[in-house]
Structure formats: C-alpha cells, structure tokens
Amino acid sequence: MLSSPAALPRPPDPPSARHQALHAKARELETAFLAEMLAHTGLGESEGEFGGSPGETQFASFLRQEQARLMVEKGGIGLAAMIFQSMVEAENGAA
C-alpha cells in the first residue's frame, strides 16, 4: 500500500543563487591556482627544433587553463570547497 505524501521525505532545497555564485567563484579560483601550478611543472613546454617559439608559450597557457578547468570540473583538489566554505562563513558572520 502506498504511504501518504506527508510521510515522504522532503527533497533538499536547491542552493540559493548567491551560493551558486559563490561556488562558481571558488571554482574559478581553484582553476587559476591549478593552472599556475601546472605552469610551474613545465607542462606545455616543448623543446627541440619544432618548439619553443614565443607564440607557443602563449598558447600553452590556454592549454594549461583548460586542463585546470577540467580538473576542477572532475572534483579538483578540494580547494574550491574550502574557499566556498570560507566565503559562506564570512558572509554569515558579516550578516
């Protein structure tokens, strides 16, 4: 027999638009951090007779940025979650 609608658990409230915006900014910050870290590893640098031009260096930064964005999209290193939590706590403390 089916239970009454009152007995069903209520789905969680969707995140507020403000929380969505904060989370997006936190992901952007993690992406920038990871892109910078990837740059320091030498990712995207090529040497030899077909590499090393100034244009290649500029385009390598686009590749690193996209790789960092994909890393964050797949869960990242948890930095976005910490940044988001800090922003929410700061916002709640200021309210």
Side-chain angles (χ1 to χ4, degrees):
M1 183 169 228
L2 294 173
S3 62
S4 68
L8 297 175
R10 193 171 158 240
D13 292 332
S16 69
R18 179 69 181 150
H19 277 192
Q20 289 175 347
L22 289 176
H23 199 261
K25 285 299 176 187
R27 286 191 310 268
E28 284 180 32
L29 286 168
E30 183 174 5
T31 299
F33 174 80
L34 287 174
E36 189 63 27
M37 293 300 102
L38 290 172
H40 287 285
T41 66
L43 183 70
E45 294 176 5
S46 61
E47 296 178 12
E49 48 188 86
F50 293 111
S53 71
E56 183 179 356
T57 303
Q58 180 61 38
F59 284 105
S61 70
F62 291 123
L63 175 62
R64 285 190 301 270
Q65 185 71 23
E66 183 62 13
Q67 288 170 328
R69 188 191 65 76
L70 290 172
M71 289 170 68
V72 171
E73 185 178 294
K74 297 293 182 184
I77 59 173
L79 187 59
M82 290 188 292
I83 293 170
F84 172 75
Q85 189 62 37
S86 294
M87 288 190 294
V88 169
E89 288 172 4
E91 196 170 74
N92 290 339

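Computation of the quantities below employed the complete heavy-atom set of this structure, encompassing side-chain atoms and omitting hydrogens, waters and symmetry-equivalent molecules.
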Residues His19, Phe84; criterion side chain to side chain contact (heavy atoms under 4.5 Å, CB included); working and verdict: CA-CA 8 Å; His19 277 192; Phe84 172 75; 4.1 Å; yes
Verdict with reasoning, Arg27 to Glu30, per salt bridge (charged side-chain N to carboxylate O under 4.0 Å, His left out): CA-CA 5 Å; Arg27 286 191 310 268; Glu30 183 174 5; over 6 Å; no
CA sep, side-chain torsions, deciding dist, call: Leu22, Val88, side chain to side chain contact (heavy atoms under 4.5 Å, CB included): CA-CA 8 Å; Leu22 289 176; Val88 169; 4.1 Å; yes
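The two residues Ala80 and Ala26 come nearest to each other via the heavy atoms O-CB, 3.3 Å.
When hydrophobic clusters are built by joining Ile, Leu, Val, Met, Phe, Trp and Tyr residues whose side-chain heavy atoms come closer than 4.5 Å, directly or via intermediates, Leu70 is not grouped with Ile77. By the rule that hydrophobic residues join a cluster once side-chain heavy atoms approach within less than 4.5 Å of another member, Met37 and Met82 end up as members of one cluster.
One finds the CZ atom of Arg64 at 13.0 Å from the CE atom of Met71 (value rounded to the nearest 0.5 Å). If you take NE2 on His23 and CD on Gln85, they are separated by 10.0 Å, rounding to the nearest 0.5 Å.
Of the options Leu38, Leu34, Thr31, a side chain to side chain contact (heavy atoms under 4.5 Å, CB included) to Gln65 is made by Thr31 and by none of the others.
With salt bridges taken as basic N to acidic carboxylate O contacts below 4.0 Å, one links Arg69 and Glu66.
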